[in-house]
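Letters A, B, ... mirror the listed sequences (proteins, then strands); counts begin at 1.
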Amino acid sequence: MLDILSDLNEPQRRAVAHRDGPLLVLAGAGSGKTRVITRRVVHLIAGGVAPQNILALTFTNKAAGEMSERIAALGTPRGATIGTFHALCARLLREFATEAQLDAGYSIYDRDDQLRLMRQALEAAGLKGGRLTPSVAHARISNAKNELKTPTEVSAEAASFGDEQVAEAYAAYQRLLRDNNALDFDDLLLKTALLLRDRPELRRLLGERYRYVLIDEYQDTNHAQYIIAHGIALHHENICATGDPDQSIYAWRGANVRNILEFEADYPNATVVRLEENYRSTRAILAAASQLISHNRRRKHKDLWTSRTGGADVRVVHCDTGRAEAQAVAERIEAAARRGLDYGDMAVFYRVNSLSRVLEETLFRASIPYRVARGVEFFNRREVKDLLAYMKLLVNPADDLSCRRIINTPTRGIGHTTLSRLTARAGATGVSLLEAAAQAESDDLGAAAAKRVRGFAEMMHALAGNLNHSVREIAEDVYRRSGIAEALSAEDEERRQQRANVEEVINTAAEFDELAGGTLSDYLYQVSLVSDLDHFEGTGGAVTLMTLHAAKGLEFPAVFVVGCEDGLLPFRRDFGPSDAGESDVEEERRLTFVGMTRAKDELTLSCARRRRMRGQNKPCAASCFLSELGAEGVRIEDLTTPQRPLNVRHRGGFFSGEVARGAQTAADEERMIIEAMADEEAEQPPPEYQYLGPGCRVQHPKFGFGTVMHLQRRWPDTRAEIVFDDVGPKKIVLRHVELELL
DNA sequence: CCCTTACCTTTTTTT
DNA sequence: AAGGTAAGGG
């Protein structure tokens, strides 16, 4: 017991030793928060609390996994519930399905599914093609759900025609979810929150089950999560919230910083512990980060301090282009490696995932090992989603969305016409698509089509006969009998990759059988709530590339924050005037703060003067954040080259005048040519374009060998006219084919 | 019905 | 740049 407390500082010790009653731990960046939470759990158990009575809620599965591991490492018996809000809710909703008026086997829709469904909802509500786009509608509805608002309430509060449309879309969307027997992420929280809000007996039951509630990253909880946590803790008030208002970076998805700011108002007798000693970063890093965050006006003052001395200055590097920036980062990484730093000790953070590409290319060329942490890349692969859709449909025959996805995947001759007829039939008789498929008749669809449709239904029926098998067996069964296996059997590179992905799904199923165990629907829930990030292990010997958001909670000896440019780091979507949601500069500043405070020893921030974004090369101004770091302990390195005027009017070869297309005057033309040349020099076009032009010999996968006659460089659909030795002249869209240059 | 081609939309971060 | 969708030809 003493061991647990001995290596803690005084406030940490108070937080760990606190037992009953509300506790708020305001933990500054790097102040040992995780350590406090895990110790606290251990301390509770050592003090006689049964592990089963402890509920620890985290924000990501990864954080939950880490916490379990650390607790186990301290030799504590397992049995505590440690997981994300969403996972807890999925579990509770299964347990209390009746109370929540849910059918067993409900599907959980991921973002992709949600947007698909939203598209349908907008269509059903007669709002298709209007100003309300699916993603905007989805965001608005998501926020409403997080505030526990029903469509009726949204409608009642509507202040404009646009709001009214959102309410209508919301109603239609919920109807569709219900028809599909599905929940989206927000529903998981919403339904659970409503249960807890409206059912005293459930509050009591769960309060007795979870006698100690711990919530990590409390600054990132939304209203629904607030209701859930407080509902469970209502009677015993054994609620421990940890977090840092300066690290609140999820307001955009409904997180409410007020939850943490008003904890003391919620619980007047709360014990408050402040952790302000930073054990992670050098003095320079901490000073720069503190300087930055001090520019936030809506903020409680806080002093982070460290007893560390020494360490290098924070570096701010200005570059010409995004590519040059990546190059500079690569060079610094190499230099650090030569100094003896492990690649795994370095990380590069960026605001948007799309920035990873230049970095990847550059690191790859420099032979620097790296790994990219991406959100849901794997589970979003088409072939992966297809396989999972089969399994979802098996568990939940009402899941029309999944059914629609796979009814003709792989192709089995059920086309658009047949599908819409079938949909009409299902709608008219009020049955699911799958059921309509099973009952398909010749006079509706034509004999051949009806037969194919029934064949699909029969296959699903047959697969459903094996639901009592292990999940791995079911997955393999689906893989083979659905025809996916055959469709992917060809030996080209793409199929090979897809096969590998599908096999990886089967592996996760096998792993599930071994480790967790449970029904197919258990497996599907787990898969739905997991992201690639969760499996992202500490990268042995490779540089980590991730978004600033994903970086939260991690630390690295050396950190690079790239893309510190106005509009990108204080991110702004400068689109038309109709823009409703102004971006929150203070949240962007907190995000930068989070990134900076991940660094232990070395921190480099960088920006580019020009960057290629969304297909266009645009000039960029340095982020205002860079000038907010203060001057002390910050070293600025300017790698930009002075812009010299170019006296060139014409240039043959690659551009062959195409760049000046649309020029109205000679001055226009000159300007465009100069810009294009500057772009090309900066960007180093990839080799396949650099040398491809008239006279080149190429090999086409289908048409064989040929000679390029003409290159029409018209982005994005650059075309080449090629005379093939065997089949004669063809126009090829380069985007659609991989030409081999000989 | 399927494949190819032309056009168009993109709104960042994540459970 | 890249993906999706809608329309057209086979």
Checklist line | Sequence-distant partners of A:F625, ring-ring contact (aromatic ring centres under 6.0 Å, His included), two or more places apart | finding: none
Side chain of [X]: nearest nucleotide among [options]?
X: A:V352; options: B:dT12, B:dT11, B:dT14; value: B:dT12
X: A:V136; options: B:dT12, B:dT11, B:dT15; value: B:dT11
X: A:R357; options: B:dT15, B:dC1, C:dA1; value: C:dA1
X: A:T547; options: B:dT15, B:dT11, B:dT14; value: B:dT14
X: A:F571; options: B:dT12, B:dT14, B:dC1; value: B:dT12

Margin query: Any salt bridge linking A:R357 with A:E360? Criterion: basic side-chain nitrogen under 4.0 Å from a carboxylate oxygen.
Written below: no
Item checked: Pairing of A:R572 and A:E588 as salt bridge, 4.0 angstrom limit -> no
Note to self: Is it the case that the ring center of A:Y218 lies less than 6.0 angstrom away from the ring center of A:F59?
What the structure shows: no
Notebook entry, point to check: A:H549 has an atom NE2; how far is it from atom P of B:dT14, in whole Å?
Noted result: 7 Å
Notebook entry, point to check: Within this structure, what is the CG-to-P distance between A:L419 and C:dA6, rounded to whole angstrom?
Noted result: 14 Å
Notebook entry, point to check: Just checking, is any N or O donor in the side chain of A:N146 or A:Y226 under 3.5 Å from an acceptor N or O on the other one?
Noted result: no
Margin query: Please tell me if A:R119 has a side-chain N or O lying less than 4.0 Å from either OP1 or OP2 of C:dT5.
Written below: yes
Checklist line | A:R111 vs A:D184, salt bridge (charged side-chain N to carboxylate O under 4.0 Å, His left out): CA-CA, chis, key distance, verdict | finding: CA-CA 8 Å; A:R111 190 182 157 75; A:D184 66 13; over 6 Å; no
Could you list the protein-to-nucleotides 2-4 of chain B atom pairs, N/O on both sides, closer than 3.5 Å?
from, atom 1, to, atom 2, distance (Å)
B:dC2, OP1, A:G413, N, 3.4

